[in-house]
Structure formats: structure tokens, C-alpha cells
Amino acid sequence: MEFARLAEAFEKLEAKTSRLEMTADLAELLNGAPESQIGKIIYLLQGVIAPPHRGIELGVAEKLCIDALATVTGQTERAIEASYRKTGDLGGTARLLLEERKQRSLGASQLSVAKVHDNFYRIATASGQGSQTAKTRLLAELLSNASPIEAKAITRFVTGRLRLGVGEATIIDSLSYAKAGDKSLSKELERAFNLSSDLGLVAETLYREGMHAIRAFKPTPFNPIRPALAERLPSAAEIIGKLGTCLAEGKYDGLRLQVHKSGDRVEIYSRRQEKITHMFPDVVAAARRQIKAKDAIFEGEAISYDEETGRFQAFQETIKRKRKHGIGAKQKEIPLYLFAFDLMYADGKDYTTVAFAERRAALKALVSGKGLIELSKAVAVKTPAELDAFFEECVNAGLEGVMAKDLKAPYVAGSRKFAWIKLKKSYAEGLADTLDVVVVGYYYGKGKRTEFGLGGLLTAVRAEQRFKTIAKIGTGFSEAQLQELRDYLTKLKVPKKPDNVDSLLEPHAWVKPELVVEVKADELTQSEMHTAAKTGGRGLALRFPRLMRIRYDKSAKEATTEKEARGLYESQKTH
DNA sequence: TGTGCCTGCCC
DNA sequence: ATTCTGC
DNA sequence: GCAGAATGGGCAGGCACA
């Protein structure tokens, strides 16, 4: 299939907001494509080259894409960046630049979907010395053969911002529409996707073999399963109101691992289905020793602990296990527990369809002996008071909060249905760390935010007469607030960094440090990039910062101080 | 050989 | 991760 | 309530270049 058809379909999809219409358009596109191309088209629609567990990543994003555009158009990188800043969309910039060229370069050839996908694959697999040049050249080759609209699609793909308004759910619906004319097949297609994590494979199977093959998908070791996700609620009362009696589990602030075992072979997958076995030889060994089934798929949270005190360590420590080299040493330095919390498959039995109570019981029977793998801390609760008490206990033990799970629910991927609900300290009113920080700069923003001229704020705490950065804020703004803030900050704009601001970061615009905003965060972390309370090369930053409100009523003098920030950091249970 | 930039992926 | 918005 | 698109801090790895 010609790539132009796909690029034109992208244009149509982007212009629409009705998912029903998008679904119809997509179904038409798929039915017009040759069977052999279906998988590739689905991957391109998802913005990927292959399913995540294949580990095929472009290794090219914004900067290298700008390099390639510079090569193709003869423009300077600076000029391209300037245009990008205006459009908020590097794809839009690519399109504009190619429209300025009167015609395609001499000897340009028609791009096909296969050619584009193949070049992406070659970009992804280029490595070693000279690979950056090779990647840029492969991308430039595509762009020089592309029409403006094709270049836009290619650029958006490469920068990971397709912005079609089309996600997995819409693609699944469109597959159903393509074959049945309605959503009647969506449920079964979704299940096949959940069990394989490979939408291209699902689509190809549907087109080649039909629904009987889709229904045959089942949990299989070494095919990662899409993880169940949790909703959030702010109080124990609301959670009990929703679930009634439920199982409350400790929420460990670590890495979510999906462990697959068949005989002696063990593989481990991340929450987003990346294969990460090599990072956890200790977990592999423990799975071989402690899991009393030939075949099994289960999930747990890996978290590091201090061997001397036995206390759990901060996420920043656990994440250091996420590495390729020097695993042996890190394994000793950062010992882990794996707190198992769910079971999807064991020795031929599909547990994804059975009630959580039964899964949990089977999991308990599956894990044997003392070792790295333990069951997550859990207790059945009937009342908000019981849930609150367990929550307190968990937080005091250094956990993030609790997860409440419907004992009757099957294992359902995705965030729907409120089968799992999480409760964190920061969700509750008055319990979270809230700071009044001073805006010292702002960023222009991309995509939708471009129209407001504001993507985020650079903010700081006060230290005597100086302002030291503690967080960028990029979420929590309503569109009205974006507009309002941009109008207000434009008036405070100054041409360069004020002398009394300490910052390692360079926002798009500096402002006089006057406006105060209230920001909520889950915790404070040590930071190399922020200057607040800096000692020995590390400052403090906010984890998960979000805007709560604009405090026109407060002056910068009344903002949270560096000292207060340090106090908040010191009072945390883990650090 | 060291360092800084870029990228991808954890949360 | 959190949050907002159109459907 | 779902689905999608904005955005955060911070870790390691890989490459280019001084």
C-alpha cells in the first residue's frame, strides 16, 4: 500500500473529534489494505515498530529528527527549532518546510507503507560507532522522498506524537467495525490483545484466520499480558462505598514485574511489557526455587530494602536495578523483595477469568518457602475504619498507600470497572505536601498547549532574597488557567534570568519572581537538576508536581522557603 | 578517557 | 506518574 | 466513565566529541 494513503488517513483522523467517525474511517482504511500490510499499518497507527516486548526502539526523537530535517531542507537547525516553537508540532514544521520546496528532490520515489516501516526498523537496529549518522541518514532518505503530508506523518511518528486521537481502544473497535460493521467483536478482540500485548498480531490473525483464531488466544508463558490498572479515590469511605468488602493490599513504591515461568526458563516483563529479565537474576533464581508449578504467570512489586534496618528504600534506589551492566554488584548492593499480588496462569489453568479471591488463594499455594518472593501484605476489610487503619499501618511501614481490590472481579486489563482502587496519602485533602512556590519562568508548550502559549511553569522556593528552583509544573491547569497564566506572566516577562534566581534549567521565558502558585506533590526527592536546598551537589525536587491554584493573594515573600522544603524532606518516612 | 547530550522507560 | 477535556 | 493528550522527576545506556 502507498504510504500516501496512510498519511492522508492520518490527516482525516486528526481533524475529527468523534470517535465513532474515526472508527468508521479506520475500518475503511483497514479494509482497503492488503492483508499482508495489516500488521504494519496497526503498528504505525500505534506509533510503534513492533510490540514492546520485542525491544525495538528507534533511538531517534526530536533532536535527531531536527538534524534530519535540516539535511533534507537545507535549513539550519536553529530555523527549524524556531518554526517548531511556533507550530508546537515538529510534524507541522516538516510539512511547511517541504511545501516551500517546489517539488520533490530529483529522483524521489513513491513511498510505500512497507518501505517506511522497513526504514524505521533499520533506524531502530542501527548501533555502534557512526550509528547516529546512519540513523539520521535513513530518516533523511524517507523525508526526502516524502510529500509534505507524508513528512508530517513520519516526523510525528518519530517524535512519538501522532496526535490522531486514536488509541488502542479505537483501533480495536475499528477492527470490529471492519469485519462485522459494529462493535460486536470488540470484547473478544480486546481480550486477544490483553493476552498477547500485540495489536498487530491480533489484527493479522483476524484478517488471515478469522474470529475462531482470535477466540483461541490464551495466557501463554512468554507472551506478556497487559496489566490491570487501578482507579483512584480520595477516601476509604468512597472505596468501601464502591467495592463493599474487599481485599486491601499494601502499595509498594517499586517496580511492577510480570514473571513468566515454564520449567527452568523464566522471563520478566515490565508494566509496559518490556522484557527486563536481565536486570533481575535474583528474581529469576527465586522463581525457579519458590514457584511450585511448571508453568506460571504472576505479578508482583519489586522493592529494595536496607539490609541493616530492614526498611524499604525509596523508589530512587530501587530504580537503580534497572540496568544492563554490573548487575552482579548491584544485586548485592540493592537487595530486593518481590511482593507477589496476582496470578494469571498456572499449569494450564487460565486464572484471568476467575475471581480475585480464588486467584489470591491459588497464588498463596503457588509461592513456597522463605525467600525473595513473598505475598504482598493484605487484609480483608469491611468498613472505612478498617481500611483507614490498614492504610495508616502501611504508610507507617514506609509504603505508598494501599490498593483495594474487588474479591469477585476477574483480572481485567485497563483501568475500567473499578476492580482495583488505589489510595495514596496525596489523594486525601490536607494530607499531601502542598507548597506555595514562585513562578520564575515558563515554557511555551506543544500540541494543544501551543494555542495558549504555555506548556508549563518553572517554579522556585525562597531562600532569603534568592529563589531556587524546585519543580516544573506541567499538569493541573484547566484551559482557562493556561490562558489566564499566560496573560499574567507575559506582563512579568524579563529578557534574561533575574540575578536572584538560581537555576540550572533554561525556560523559554524568564519572569520576575512575583507570582505564587500552590502546588501539590506526593513527596520530595533529591535532585541534580533543581537548586532548592542544595547541599553536596544535590538539591530537592517535587515528585509528581501538579498545580492546585493560583495565589494572586500571596506575595513572593510569603512563599514556601527552602528551609521549609528541607523540613518536609526530612520528615518523610523513606529517604 | 571523561563528559555532556539525547533517548527510552520507570514511576 | 497526574490532570483535564470531548464524547 | 472512557480514551486520549498534555505534562512532571530521575535513572541508565549509548554515542559523539573534546
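Naming: A, B, ... by sequence-line order, numbering from 1 per chain.
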**Prompt:** Would you say a side-chain N or O of A:Arg543 is under 4.0 Å from OP1 or OP2 of C:dT2?
**Reply:** no
**Message:** With a sphere of 6.0 Å drawn around CZ of A:Arg122, does it hold more than 12 non-hydrogen atoms of other residues, nucleotides or ligands?
**Reply:** yes
**Item:** Contact list for DNA chain D against residues 19-28 of chain A - heavy-atom distance below 4.0 Å
**Value:** A:Arg19
**Message:** What contact category does A:Lys16 fall into here, base, sugar-phosphate, or nothing, at under 4.0 angstrom with non-hydrogen atoms?
**Reply:** nothing
**Request:** Determine: side-chain N/O of A:His530 to OP1/OP2 of D:dG10, distance under 4.0 Å, yes or no.
**Result:** no
**Message:** Using OP1 and OP2 only, check whether a side-chain N or O of A:Gln316 sits under 4.0 Å from D:dC11.
**Reply:** yes
**Side-chain N,O (A:Thr170) to OP1/OP2 (D:dG4) below 4.0 Å** = yes
**Message:** Between B:dG4 and C:dT5, how many Å separate the two P atoms, rounded to a whole number?
**Reply:** 41 Å
**Asked** A:Thr17 side chain N/O closer than 4.0 Å to the phosphate oxygens (OP1, OP2) of C:dC7?
**Response** yes
**Prompt:** With no angle test and no hydrogens, is the base of C:dT2 tied to the side chain of A:Thr475 by a donor-acceptor pair under 3.5 Å?
**Reply:** yes
**side-chain N/O A:Tyr427 vs C:dT2 OP1/OP2, d < 4.0 Å** = yes
**Message:** With a cut-off of less than 4.0 Å, is there a side-chain N or O of A:Lys322 near OP1 or OP2 of B:dC10?
**Reply:** no
**Message:** Please determine whether any donor N or O and acceptor N or O are separated by less than 3.5 Å between the side chain of A:Lys63 and the base of B:dC5.
**Reply:** no
**Asked** Which part of the nucleic acid, if any, lies within contact of A:Lys424, taking any heavy atom under 4.0 Å across all strands shown: a base, the sugar-phosphate backbone alone, or nothing?
**Response** sugar-phosphate
**Asked** Is the distance from OP1 or OP2 of B:dC11 to the nearest side-chain N or O of A:Arg272 less than 4.0 Å?
**Response** no
**Prompt:** How close or far is atom P of B:dT7 from atom CG of A:Leu58, stated in whole angstroms?
**Reply:** 11 Å
**Message:** Measuring to OP1 and OP2 of D:dA12, would you say a side-chain N or O of A:Arg323 lies under 4.0 angstrom away?
**Reply:** yes
**Item:** NZ or CZ of A:Arg486 within 45° of A:Phe452 ring axis and under 6.0 Å
**Value:** no
**Message:** Would you say A:Lys251 places a side-chain N or O within less than 4.0 Å of OP1 or OP2 belonging to B:dC11?
**Reply:** no
**Prompt:** Just to confirm, is there a sub-4.0 Å distance from OP1 or OP2 of D:dG14 to any side-chain nitrogen or oxygen of A:Lys324?
**Reply:** yes
**Message:** Below the 4.0 Å mark, does D:dG10 have OP1 or OP2 next to a side-chain nitrogen or oxygen of A:Ser527?
**Reply:** yes
**Message:** D:dG10, OP1 or OP2 - any side-chain N/O from A:Thr525 closer than 4.0 Å?
**Reply:** yes
**Message:** Using a strict threshold of under 4.0 Å (side-chain N to carboxylate O), is an ion pair present between A:Lys242 and A:Glu238?
**Reply:** no
**Asked** Checking A:Lys472 against A:Tyr443: charged group under 6.0 Å from the ring centre and within 45 degrees of the axis?
**Response** yes
**Message:** In this structure, is the centre-to-centre distance between the rings of A:Tyr43 and A:Phe157 below 6.0 Å?
**Reply:** no
**Prompt:** Under 4.0 Å between a Lys/Arg side-chain N and an Asp/Glu carboxylate O for A:Lys16 and A:Asp25?
**Reply:** yes
